[in-house]
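Read the structure below first, then the notes.
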Amino acid sequence: MRACMTVSKLLAAALAGLAVSSAASAQPAASSDRIRAHVEFLASDLLQGREAGSPGYDLAANYVASQFAQLGLKPAGDGGTYLQRVPLVAFRPADKGAYVIRGKDGSATPLVFGEDVLIGRNAGPRDHRLTAPVVFAGFGVVAPERKRDDYKGLDVKGKIVAVLNGAPASFQTEERAFYGNAHTKRVAAQKAGAVGVIFLTTPKDEVRRPFADGARTWQAWSMSWKTPDGSIHDPAPGAPGFASLSVKGAEKLFAGARKTYAEVTAAAEDAKADPPRFALPVSLDVTLKAETKAIESSNVAGLIEGSDPKLKDEVVVLSAHLDHIGITPPVNGDPINNGALDNAGGIATTLEAARAFVESGQRPRRSVLFLAVTAEEKGLLGAQYYAQNPTVTGVMVANVNLDMPILTYDFLDVVAFGAERSTLGPAVRRAAERTGVALSPDPLPEEGLFTRSDHFRFVEVGVPSTFLMTGFQNGGEAKFRGYLRDCYHKPCDDLSQGIDYAAGAKFAKINYEIARELADADERPRWNKGDFFGVRFAPAAAIADR
């Protein structure tokens, strides 16, 4: 954080947050002063960037648990506590690896770390050493409902597949995010018989997020969670992601191919065209070494039990991730990634939504679970662990997720990812109207945001879910794009950004309004009939008849 607070001031801020949060109020409206207190503590240098498994994260988790206790929420973690233990395995490259392109003419072209290639990260302690032919599989998308199979006609058994980042622009934005997700692509590659995947940066990717920026954090720990039998969760262990290649690295890989990389990416970006798919005239040598360690972290869970005897076993979940990326090599002398907007702001507004329920004086008909999750930055792991190992009995019927609201301007609109896929949609629209906020379509489909936050882990177990993003009106586009360009996952995401805490209060209010309506409605939320995600993940009983 650029303006470092003293420990005494940090403790004072924490105590102030507790004191303010214990004061009675007749109104359920969120307080900008309380949000400021929460953010100033959670984004302080004392917490060292809140990396999952670190002492700073544990301090943050205990802070949130204390807030739940002050509000009178019922402990909903393990053993009558607010904490759910999440067993994790951390892994990272032991060195920069080695990648060599070998041509049929005997040529050998090493890929340069940080310029051509960045190391892939895969769950578990496995080292990798192999040589295999490379096949270009376009986007690597298999979408039966669109009659699309990028592996059709390709022989990839025992081979490495190279795939473009993202998915076709013609796909609906949230479905595009699903098919563009690296895990989805690895699963498809494994089913096709490939032994590994490399991801190719496009020129548009390079403009949005320079490839070389990834080299700064190459030694950061990645994580996965342990299943009850002690194995490490991995969606596609047979097709690890070996590497990401820059545009320059991809050009080297395509040297001598029947199409240049420039021709391939031009076709990929043309809505009326499609990238050709073909075997490349090269093999790739891959040598990777990994180091691992077992760690533990915790989700934090607090419950308001429902008042309706018939509905109290149905649970509406409000989630937000508590972790950030911790300590990394410094930028302008600062190594601490404080995560003020990502996601101290989301946690602070979740706490205010919880307060609104408590101070309304009216218990919700359904139970409402407030869940601060760990290891979102490591692959949505805490949310995934909870979704598959819930600590609250009953059935989860909806998830409202709060992640990285850009609270540096007075937002006038929000993007509600996923809402229109289920009967959550009307509730979100009514909540927006009550708070004077407009709804806007996804302005950043190329970012694939729908699969990049915790709500998606609830979608994967069949729960209708939505995730709100502050919108582009009233200067929001410049603020959002500027944040992604300059401070996303960097130390400058700190308290010096000019945070508008009144905007935080508004964000908390709209999320409270959504959750309140879902919790009090006569009918539980249901997926729309024929919805892509409902059909894929939900049981038939959870589909709306419309």
Side-chain angles (χ1 to χ4, degrees), residues 1-3 32 35-36 39-40 42-45 49-50 165-166 173 177 201-217 320-321 324-326 328-349 376-377 401-417 437-450 452-453 467-508 510:
M1 180 172 78
R2 289 172 181 166
S32 59
I35 289 177
R36 179 192 295 271
V39 172
E40 285 185 349
L42 293 170
S44 66
D45 282 1
R50 306 189 311 275
N165 288 336
T173 176
T201 301
T202 69
K204 285 189 175 180
D205 294 333
E206 179 65 25
V207 171
R208 288 189 299 112
R209 199 162 296 132
F211 182 85
D213 287 355
R216 183 176 67 90
T217 57
H321 76 90
H324 195 51
I325 64 171
T328 59
V331 176
N332 298 324
D334 186 358
I336 300 176
N337 297 271
N338 301 85
L341 298 180
D342 187 14
N343 188 38
I347 290 290
T349 50
E376 188 270 356
E377 302 289 8
N401 186 52
L402 294 83
D403 184 9
M404 206 177 78
I406 305 303
L407 303 177
T408 53
Y409 64 106
D410 181 16
F411 66 91
L412 301 181
D413 66 318
V414 295
V415 179
F417 292 96
V437 174
L439 290 178
S440 297
D442 179 7
L444 297 169
E446 69 279 2
E447 291 286 346
L449 294 174
F450 185 69
R452 287 174 52 189
S453 194
F467 154 50
L468 264 63
M469 170 185 128
T470 46
F472 274 15
Q473 294 182 23
N474 198 32
E477 180 172 7
K479 293 288 188 180
F480 210 106
R481 291 189 185 277
Y483 173 82
L484 290 179
R485 180 186 66 244
D486 299 330
C487 286
Y488 176 67
H489 284 189
K490 294 177 182 176
C492 60
D493 182 6
D494 62 12
L495 300 176
S496 70
Q497 297 176 90
I499 297 173
D500 182 345
Y501 295 102
K506 184 195 292 189
F507 192 70
I510 188 173

When rounded to the nearest 0.5 angstrom, what is the spacing between CZ in Arg208 and CD in Glu206?
10.5 Å
Would you name the heavy atoms of Val415 and Pro441 that are closest together and state the gap between them?
CG2-O, 3.7 Å
Indicate yes or no for a side-chain donor-acceptor contact from Arg50 to the backbone of Leu42 under 3.5 Å, with no hydrogens or angles considered.
yes
Rounded to the nearest 0.5 Å, what separates atom CG in Asp494 from atom SG in Cys487?
7.0 Å
Are the side chains of Phe507 and Ile35 in touch, meaning some heavy atoms are under 4.5 Å apart?
no
Check this for me, if you would: do Asp403 and Arg452 make a salt bridge, where the nitrogen-to-carboxylate-oxygen distance has to be below 4.0 angstrom?
no
Tightest non-hydrogen contact, residues Phe467 and Leu449, listed as CE2-O, 4.2 Å
Can you find a pair of side-chain heavy atoms, one from Val437 and one from Phe411, that are under 4.5 Å apart?
yes
Minimum-distance pair of heavy atoms, taken over all atoms of Gln473 and Ala438:
NE2-CB, 4.1 Å
Atom CZ in Phe211, atom CG in Asp205: separation rounded to 0.5 Å?
10.5 Å
With a 4.5 Å cut-off on side-chain heavy atoms, are Phe480 and Leu444 touching?
yes
Just do the side-chain contact (heavy atoms from CB on, under 4.5 Å) check on Val39 and Tyr501 with the steps written out, would you?
CA-CA 9 Å; Val39 172; Tyr501 295 102; 4.0 Å; yes
Closest heavy-atom pair and its distance - Ile406, Thr470:
N-OG1, 3.1 Å
Is the closest side-chain donor-acceptor distance between Asn338 and Asp45 under 3.5 Å?
yes
Work out which heavy atom in Asn343 is nearest to a heavy atom in Ala320; give both atom names and the distance.
ND2-CB, 3.8 Å
Quick one: are Asn337 and His489 in side-chain contact, heavy atoms under 4.5 Å?
no
Nearest 0.5 Å please: distance from the OH atom of Tyr483 over to the OG1 atom of Thr408.
9.5 Å
Identify whether the distance between the nearest side-chain nitrogen and carboxylate oxygen of Glu446 and Arg209 falls below 4.0 Å.
no
Would you give the length of the straight line joining atom CZ of Arg36 to atom CG of Leu495, rounded to the nearest 0.5 angstrom?
9.5 Å
Do Lys506 and Val414 have side-chain heavy atoms sitting under 4.5 Å apart?
no
Counting distance only, does the side-chain N/O of Asp493 pair as donor-acceptor with the main-chain N or O of Ala340 below 3.5 Å?
yes
Distance-only polar pair, side chains of Asn401 and His321, donor-acceptor under 3.5 Å
no
pair Ile336-His324: side-chain heavy atoms closer than 4.5 Å:
no
Between Ser453 and Glu376 the two heavy atoms that sit nearest each other are CA-OE2, 3.9 Å
If I take atom CG from residue Asp334 and atom NZ from residue Lys490, how far apart are they, to the nearest 0.5 angstrom?
13.0 Å
Measure the shortest side-chain to side-chain distance between Leu402 and Leu468 over non-hydrogen atoms and say whether it is less than 4.5 angstrom.
no
